[in-house]
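Report on the following structure.
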Amino acid sequence: MATDAAPILDPDTYLDGVPHDLLAALRAEAAVRWVEEPDGPGFWAVLRHAEVRRVLRSPEVFSSRLGATQIRDPATPAALAFVREMMLNQDPPDHARLRGLLTKAFTPRAVARLADRITGWARELVRAGAERGQVDFAKDVAADLPLLTLAEVFGVPAADRWLMFDWSNRVIGFQDAEYAVSQAAGAGVTDLARRALALRPCPGPDGRMPDPRTREGMPDLYAYARDLGEVKRATPGDDVMSVLMSHVDGAGGRVSIAEFENLFWLFSVAGNETLRNGIPGGMAALMSHVDAYRALRADRALLPGAVEEMLRWWTPVMHFRRTATVDTELAGTRIRAGDKVVVWFASANRDERVFADPDAFDVTRVPGEHLTFGHGPHFCLGAHLARVQLRAIFDAVLDLPGLVEPAGAPVRLRSNFQNGLKSLPVRMGGQAG
């Protein structure tokens, strides 16, 4: 009898952790597996590494634009048209144009300056945590580093950065009752932020916030982005987004304010959440594998490879969707035009065909081709900065006089999309390593 695949879609499943045993059983049976949806037409889950790579490198067959990139369909044709304007949900050539402009904006000078700032911020966050002794690593250490980095990329005043924390909570945590109504930004913000906060939606009679994948669901984010884009165009600074807004492409075109708004949405959410969940995930991996933790403390040269292992072993983003543009075949499975095809990174990153002893967390593992940053035309544009942040924070952690130890039970995010820890209580630098 075939293994029941339904639990991989249920967000409650992930409150106890990623169901790696179930994914392994499904992966052993087939590379591609049909999964029923309680409120949708169902989808093909792609579970093995080779097939995930094939889907991601073939946008002409497996489209990001056709049905967007989340399992659940946009609620209306207007909502679908709206999300199709985002770079994440585009196919070549439209995707290539925006990506090319962004790549040019991340100049070597800008990236080098960011790397220096990231190192300083990481050390200060870890130092402050160590001085307090017992902290929530997810909230007090990990959450702020990507926010500080994104604020620097966009030229957002540091006082406003917690707006991005709220926005990403609402978008990524729509399945989690606490995150869906997140409101961390408070006093001390700029006039730009106050104008945006005045537009923040309230929960409806059912207690739910509006759909965060629609413009109507995130009016505060879009108001802030529009005002910020106009400031960057009128009075550019030396931040990456000022460079982007000033650049003229070969055809004489520039990034429009509407395009800037959507890029701001993408960076505020995707650029924040992967690291905000990846950093606590890496810390959880070290604390649950103390021998590996001690090996890293003994040989700092292992850190770059250890970061890649953290990214593979934890896999912050667990899946993304494509939609078949034509009738096709994948690993012997017939797929019809219009079918949802969902690549399951959390499974592919533990594929026994690619990774020996895949469930082991091994900081000496030769870095392989994990798919945490995707593959093909949509390979994560921020992968380099993500790695810089991970190396910086764990370099600072390894400099502590002792080991970081658990100080309570972690609290997981209710989500089938993000492998997230909302809380990770720790004692910093207590036990000698």
Side-chain donor/acceptor of Arg391 to backbone N/O of Leu303, under 3.5 Å
no
Look at Lys139 together with Asp144 and state whether they make a salt bridge at an N to O cut-off of under 4.0 Å.
no
Between Asp116 and Arg113, is the closest basic N to carboxylate O distance under 4.0 Å?
no
Which heavy atom of Trp314 sits nearest to which heavy atom of Gly278, and what is that distance?
CD1-CA, 4.3 Å
List the steps, then state whether ring pair (Phe, Tyr, Trp, His ring centres under 6.0 Å) holds for His378 with Phe320.
CA-CA 11 Å; His378 278 278; Phe320 261 120; 8.6 Å; no
Crowded around Arg65 CZ? As in, over 12 foreign heavy atoms under 6.0 Å?
no
Whether Arg312 engages the ring of Phe355 as a cation-pi pair (distance to the six-membered ring centre under 6.0 angstrom, angle to the ring normal within 45°) should be assessed.
yes
Where Leu47 and Leu23 come nearest, the two heavy atoms and their spacing:
CD2-CD2, 4.2 Å
Check for a donor-acceptor pair, side chain of Thr315 on one end and backbone N or O of Met318 on the other, with a separation under 3.5 Å.
no
Salt-bridge criterion met for Arg132 and Asp140 (N-O under 4.0 Å)
yes
Under the 3.5 angstrom rule, does the side chain of Arg276 hit a backbone N or O of Ala142 as a donor-acceptor pair?
no
Donor-acceptor pair between Thr323 and Arg321 side chains, under 3.5 angstrom:
yes
Arg72/Asp211 under side chain to side chain contact (heavy atoms under 4.5 Å, CB included): CA gap, chis, key distance, verdict
CA-CA 12 Å; Arg72 60 185 180 133; Asp211 187 347; 3.7 Å; yes
Val363 versus His289: any side-chain heavy-atom pair under 4.5 Å?
no
For Thr190 and Asp160, does a side-chain donor sit closer than 3.5 Å to a side-chain acceptor?
yes
Could you go through the ring pair (Phe, Tyr, Trp, His ring centres under 6.0 Å) check for Phe43 and Trp34 one step at a time?
CA-CA 6 Å; Phe43 61 89; Trp34 182 254; 7.3 Å; no
Check whether any side-chain heavy atom of Pro410 lies under 4.5 Å from a side-chain heavy atom of Ser423, and answer yes or no.
no
Is the shortest distance from a Lys or Arg side-chain nitrogen in Arg161 or Glu152 to a carboxylate oxygen in the other one below 4.0 Å?
no
Have Arg27 and Ser347 got a donor and an acceptor in their side chains that come within less than 3.5 Å?
yes
May I ask you to check whether Asn277 and Gln418 show a side-chain donor-acceptor distance below 3.5 Å?
yes
Salt-bridged, Arg53 to Glu369, with N to O below 4.0 Å?
yes
Determine whether more than 12 heavy atoms belonging to other residues, nucleotides or ligands lie under 6.0 Å from atom CG of Asp21.
no
Less than 4.5 Å apart, side chain to side chain, heavy atoms only: is that true for Val61 and Arg54?
no
Ionic contact status for Arg412 with Asp16, cut-off 4.0 Å:
no
Is there a donor-acceptor pair under 3.5 Å between the side chain of Tyr293 and the backbone N or O of Ala285?
no
Take His49 and Trp344 through the ring pair (Phe, Tyr, Trp, His ring centres under 6.0 Å) test and state the conclusion after the steps.
CA-CA 9 Å; His49 192 277; Trp344 223 269; over 10 Å; no
With distance as the sole criterion, is a donor-acceptor pair present between the side chains of Asn349 and Thr372 under 3.5 Å?
yes
Where do Phe345 and His319 land on the ring pair (Phe, Tyr, Trp, His ring centres under 6.0 Å) test, with the steps shown first?
CA-CA 5 Å; Phe345 300 124; His319 63 72; 8.4 Å; no
Could you tell me whether the side chain of Asp94 and the main chain of Asp91 form a donor-acceptor pair under 3.5 Å?
no
Under 3.5 Å, side chain of Arg170 to main-chain N/O of Gly217, donor-acceptor pair present?
yes
Do the charged groups of Asp227 and Arg195 touch, with an N to O distance under 4.0 Å?
yes
Is a side-chain donor or acceptor of Trp44 paired with a backbone partner of Val342 at a separation under 3.5 angstrom?
no
salt_bridge(Asp399, Arg127) N-O dist < 4.0 Å:
no
So, the side chain of Lys340 versus the backbone of Gly42: is there a donor-acceptor pair under 3.5 Å, distance only?
no
Distance-only, no hydrogens or angles: does the Asn272 side chain make a donor-acceptor pair with backbone N or O of Pro146 under 3.5 Å?
no
May I ask you to establish whether Arg215 and Tyr222 are in a cation-pi arrangement, using a distance under 6.0 Å from NZ or CZ to the six-membered ring centre and at most 45° from the ring axis?
yes
